[in-house]
Amino acid sequence: MAHSVGIKDVARAAGVSVGTVSNVINRPDTVATETRARVLSAIDRLGYVRSESARQLRAGRSRIMGLLVLDMGNPFFVDVARGAERAARDAGLGVMVCNSAQNPGEEAEYLSLFAEQRVRGVLLTPADATGRNIEGFRRHNIPFVLVDRVAEGTTECSVSVDDVAGGALAVRHLVDAGHRSIAYVSGPPGLNQVRDRRTGALNALAEAGLGEGALRELPTERLDVAAGRDAGARLLGLADRPTAVFCANDLLALGVLQAMYAAGVGVPDDLAIVGYDDIEFAAAAAVPLTSVRQPAVTMGAMAAELLLEETELEGTDRTHAHRRVVLQPELVVRRSSLAAR
């Protein structure tokens, strides 16, 4: 078994004390130039890497921020991670990104991992609608910020988008285009985002004098392209098929678009489609996709900044004021919804 190079090995090779090696690593300005060069040469020659975990245990603070999202296969969450990573890097921290895959069990396991690793804090998009995982995580006294979710009934910070307004934007656009029968491909009903987007859709229908019957909901177990294709197949099987469809995210919308293309149904002439998130692939689709844009990178960056602000105040006599930041969505109109009715 290979010997792991330690700080004592470096000190022996450089002919200095362990304390001098420690100073070169942590306080290089306190070490004479010649001695520092000799130690750095030994570090390079031996391939020494300091034990960050040991340093964190001594300091009681980690240089890692946890990020737990619903689905890293969704470009929306990749953008959230980009924003969080940028803010963390500016503060000298790294980000440990984990994917719950919309599974409360996997979410609980990753939250336990974060606690074991003593991360500085956690950015979390919850998969568990019951809130039990969050309640269990609180006992570790690790700060966390909710992302893409309003912190209802909790004292933590959150950064989200007004999904009720977003759902209303999508369906108001379809109603203004003349549609009176609209399908909602909704995703898992346990997710707050899915419910809020439906509420917004119903609000837009009510504004137009249309009842709830004008919205036909097609729930799916997941928020991915395959689930969208399945919903598209079910939509094609309806005797009184709606003339438009609003999808809870762009991956579902792209799946519906694929199903329509395979069946020879014209988009937008036979069926208008609106998605949600405005991921990069929305504009690049065979029929460019109308979508409700969420500022994902901004959301991730703001959440990380709130978390950093809270953790920097730990151990001081100042208190952190928790905030709920709600960003506004924007409708981006493209060809998938532009046919005249």
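Note that this is a predicted model, so its numbers are computed, not measured.
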Does atom CD (Glu221) have a neighbourhood of more than 12 heavy atoms from anything else shown, all under 6.0 Å? no
Within 6.0 Å of CZ in Arg132, more than 12 heavy atoms from elsewhere: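 It does not: Arg132 CZ has 12 such atoms or fewer within range.
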Is there a side-chain contact (heavy atoms from CB on, under 4.5 Å) between Leu252 and Arg222 once you walk through the steps? CA-CA 9 Å; Leu252 289 172; Arg222 301 188 63 79; over 6 Å; no
One pair to check against side-chain contact (heavy atoms from CB on, under 4.5 Å): Met299 and Val161. What are the steps and the verdict? CA-CA 8 Å; Met299 192 183 305; Val161 166; 3.2 Å; yes
Please report the closest heavy-atom contact between [X] and [Y], naming both atoms and the distance.
X	Y	answer
Leu146	Pro126	CD2-CG, 3.9 Å
Pro242	Ala183	CB-N, 3.8 Å
Leu67	Ala84	CD2-CB, 4.5 Å
Leu174	Ser337	CD2-CB, 4.3 Å
Ala91	Leu308	CB-CD1, 3.7 Å
Thr243	Arg180	OG1-N, 4.5 Å

I'd like to know if the side chain of [X] and the backbone of [Y] have a donor-acceptor N/O pair within less than 3.5 Å.
X	Y	value
Arg36	Pro28	yes
Arg241	Leu235	no
Arg323	Ser158	no
Asp250	Ala253	no
Arg335	Pro288	no
Ser336	Thr290	yes
Thr311	Leu307	yes
Asn26	Ser22	yes
Asp163	Gly166	no

Is any side-chain heavy atom of [X] less than 4.5 Å from a side-chain heavy atom of [Y]?
X	Y	value
Val292	Asp277	no
Ile273	Pro268	no
Leu123	Phe144	no
Phe281	Leu254	yes
Ile64	Gln117	no

Could you tell me the separation between the CG atom of Leu223 and the CZ atom of Phe76, rounded to the nearest 0.5 Å? 11.0 Å
Can you tell me how far the CG atom of Leu111 sits from the OG atom of Ser100, to the nearest 0.5 Å? 9.0 Å
Do Arg197 and Tyr276 meet the cation-pi criteria used here (NZ or CZ under 6.0 Å from the six-membered ring centre, within 45° of the axis)? yes
Salt-bridge present ([X], [Y]; N to O < 4.0 Å):
X	Y	value
Glu85	Arg82	no
Asp278	Arg334	yes
Arg149	Glu156	no
Asp90	Arg86	no

Is it true that Glu217 and Ser186 share a donor-acceptor pair across their side chains at a distance under 3.5 Å? yes
Give the intermediate values and the outcome of side-chain contact (heavy atoms from CB on, under 4.5 Å) for residues Leu338 and Val333. CA-CA 8 Å; Leu338 283 180; Val333 178; 3.5 Å; yes
For the side-chain hydrogen bond (donor to acceptor under 3.5 Å, both in side chains) test, which of Thr30, Asp29, Asn23 pairs with Arg27? Asn23
Sole candidate of Thr125, Asn99, Asn133 that passes side-chain hydrogen bond (donor to acceptor under 3.5 Å, both in side chains) when paired with Glu107: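 Of Thr125, Asn99, Asn133, side-chain hydrogen bond (donor to acceptor under 3.5 Å, both in side chains) with Glu107 is met by Asn133 alone.
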What's the verdict on side-chain contact (heavy atoms from CB on, under 4.5 Å) for Met65 and Val122, showing C-alpha distance, side-chain angles and the deciding distance? CA-CA 6 Å; Met65 177 188 297; Val122 173; over 6 Å; no
